[in-house]
Novice: 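Take this structure, written in structure tokens, and hold onto it; I'll ask about it next.
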Amino acid sequence: MGLFLQAAVIPDCTEDAVREACSRVAAQQPSGGYGMELRPDACRYAVHGTGVSMLFNEDCAGFEDMAGALSVETGCPVLLLYIYDGDFWGYFLCDKGEVVDTFNPMPDYFEEAPEEERDEMKGNASLIAQYFHVDVSSIDNYLRFWTEEVFEEKGKKAYADDEFAIGEDWQMADFMRKLGYPYEW
């Protein structure tokens, strides 16, 4: 079994507001919650500038439902990033409870995805750049589908200063760093 991990980046929000929102979301979960139980006290939080990043507790899973609920409760956009089974990373960006952007570099991971579904999973670097006040050219190389060619070019990085290569699940950490939220707790 590979790594299953969820982290969130919440710009323009305080740690106290994120902790309180997590507690409210956890209290609203029926048995089994959004997949597995959110335990706010077992999550890790870090402040970066005017925003907060958080690493969800180990047994928590919820993806877009969790991001949507947190965006409602914080009143801020929430970028929920994940590593799925150690195979790939992706994200859901929610604002006011609605998914506004999604990225999955392997849309055919479970089965061949229709073109419309693939379009929905390609990510929008311009939108992410607006939400996180970064230059689109500093993040757009991350939002690429992982094709066979990507895996043949072992070690190729999206940007020269990255730690992880394209096709590695931990490329998520490089992406977070470029948004101003390094993977540090």
Side-chain angles (χ1 to χ4, degrees), residues 1-107 109-110 117 120-121 123-124 127-128 131-132 139 142-143 164 168-185:
M1 180 175 190
L3 174 67
F4 289 90
L5 179 140
Q6 288 188 133
V9 176
I10 304 112
D12 304 320
C13 201
T14 66
E15 181 178 349
D16 287 342
V18 172
R19 285 178 180 270
E20 290 169 13
C22 283
S23 293
R24 289 191 300 272
V25 169
Q28 295 168 13
Q29 293 180 96
S31 178
Y34 293 104
M36 295 179 162
E37 185 179 1
L38 170 63
R39 294 187 319 276
D41 292 339
C43 296
R44 297 183 198 168
Y45 306 85
V47 175
H48 306 278
T50 62
V52 176
S53 63
M54 69 177 284
L55 181 63
F56 289 86
N57 57 281
E58 188 174 306
D59 298 330
C60 183
F63 302 104
E64 70 266 31
D65 291 338
M66 187 72 69
L70 285 172
S71 73
V72 168
E73 292 297 329
T74 60
C76 298
V78 172
L79 180 68
L80 187 136
L81 301 113
Y82 62 89
I83 292 177
Y84 187 86
D85 202 17
D87 291 334
F88 64 92
W89 72 279
Y91 69 70
F92 292 94
L93 175 64
C94 290
D95 196 357
K96 299 176 182 84
E98 299 296 321
V99 175
V100 295
D101 191 32
T102 303
F103 174 66
N104 176 340
M106 298 180 72
Y109 182 80
F110 295 105
E117 198 173 308
E120 291 173 5
M121 291 187 226
N124 183 331
L127 185 64
I128 295 292
Y131 272 94
F132 291 91
I139 60 168
Y142 295 114
L143 305 185
F164 302 98
E168 291 182 29
D169 56 354
W170 280 102
Q171 185 187 39
M172 177 189 86
D174 290 326
F175 182 70
M176 289 176 68
R177 181 178 49 82
K178 291 287 178 85
L179 296 179
Y181 297 82
Y183 186 87
E184 300 170 349
W185 283 277

Novice: Would you say that Y183 contacts L5 through its side chain, given a criterion of any heavy-atom pair below 4.5 Å between the two side chains?
Specialist: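 The answer is yes; the side chains approach within 4.5 Å.
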Novice: Measuring from I128:CD1 to L93:CG, what's the distance to the nearest 0.5 Å?
Specialist: 4.5 Å
Novice: Hey, what's the ring geometry for Y91 with F175, parallel, tilted or perpendicular (30° and 60° as the breaks)?
Specialist: parallel
Novice: Work out which heavy atom in W89 is nearest to a heavy atom in D169; give both atom names and the distance.
Specialist: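 Heavy-atom minimum between the residues: CB-O, 3.4 Å.
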Novice: Is a side-chain donor-acceptor pair under 3.5 Å present for N104 with Y109?
Specialist: no
Novice: Show your working on side-chain contact (heavy atoms from CB on, under 4.5 Å) between F4 and D85 and close with a plain yes or no.
Specialist: CA-CA 5 Å; F4 289 90; D85 202 17; 3.4 Å; yes
Novice: Nearest heavy-atom pair of A67 and V78: which atoms, and what distance?
Specialist: O-CB, 3.8 Å
Novice: For K96 and V72, which heavy atoms make the closest approach, and how far apart are they?
Specialist: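 Smallest heavy-atom distance, with atoms named: C-CG2, 3.9 Å.
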Novice: Does Q6 use its side chain to pair, donor to acceptor, with the backbone of F63 at less than 3.5 Å?
Specialist: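 Such a contact is found between Q6 side chain and F63 backbone.
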Novice: For E120 and T102, what are the C-alpha separation, side-chain angles and deciding distance, and is it a side-chain contact (heavy atoms from CB on, under 4.5 Å)?
Specialist: CA-CA 6 Å; E120 291 173 5; T102 303; 5.8 Å; no
Novice: So F132 and Y181, would you call those rings parallel, tilted or perpendicular, with 30° and 60° as cut-offs?
Specialist: perpendicular
Novice: Is R19 salt-bridged to D16, going by a charged N under 4.0 Å from an acidic O?
Specialist: no
Novice: Considering only heavy atoms from C-beta outward, does the side chain of L70 approach that of C22 to under 4.5 Å?
Specialist: yes
Novice: Before giving the answer on side-chain hydrogen bond (donor to acceptor under 3.5 Å, both in side chains), spell out for Y131 and D95 the whole-Å C-alpha distance, their side-chain angles and the decisive distance to 0.1 Å.
Specialist: CA-CA 10 Å; Y131 272 94; D95 196 357; 2.7 Å; yes
Novice: Can you tell me how far the CG atom of L55 sits from the CD atom of E184, to the nearest 0.5 Å?
Specialist: 12.5 Å
Novice: To the nearest 0.5 angstrom, please state how far the CE atom of M176 sits from the CG atom of L81.
Specialist: 5.5 Å
Novice: Roughly how far, to the nearest 0.5 Å, is CE of M66 from CG of L38?
Specialist: 4.5 Å
Novice: Please round to the nearest 0.5 Å and tell me the distance separating atom CZ of R177 and atom CZ of F164.
Specialist: 10.0 Å
Novice: Write down the atom of A8, the atom of F56, and the distance for their closest heavy-atom approach.
Specialist: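 Result for this residue pair: CB-CE1, 3.7 Å.
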Novice: Quick one: pull up CD1 in I10 and SG in C76 and give me the separation to the nearest 0.5 Å.
Specialist: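 SG of C76 is found 8.0 Å from CD1 of I10.
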Novice: Looking only at heavy atoms, which two atoms of Y142 and K178 are closest? And how far apart?
Specialist: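 Taking Y142 first and K178 second, the nearest heavy atoms are OH-CG, 3.4 Å.
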Novice: Does any non-hydrogen side-chain atom of P107 lie less than 4.5 Å from one of F88?
Specialist: no
Novice: Side chains of H48 and P182: closer than 4.5 Å at any heavy-atom pair?
Specialist: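 They are in contact (side-chain heavy atoms under 4.5 Å apart), so the answer is yes.
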Novice: Taking the side chain from R39 and the backbone from N57, do they hold a donor-acceptor pair closer than 3.5 Å?
Specialist: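 Flag not set: sc R39 to bb N57 has no pair under 3.5 Å.
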Novice: One pair to check against side-chain contact (heavy atoms from CB on, under 4.5 Å): L127 and V100. What are the steps and the verdict?
Specialist: CA-CA 9 Å; L127 185 64; V100 295; 4.3 Å; yes
Novice: Test your reading of the model: is there a side-chain donor-acceptor pair from D101 to the backbone of N124, 3.5 Å cut-off?
Specialist: yes
Novice: Nearest heavy-atom pair of C43 and M54: which atoms, and what distance?
Specialist: SG-CE, 3.7 Å
Novice: Give a yes or no on whether the backbone of P77 and the side-chain of S71 come within a donor-acceptor separation of less than 3.5 Å.
Specialist: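 Side chain of S71 to backbone of P77, a donor-acceptor pair under 3.5 Å: no, none is there.
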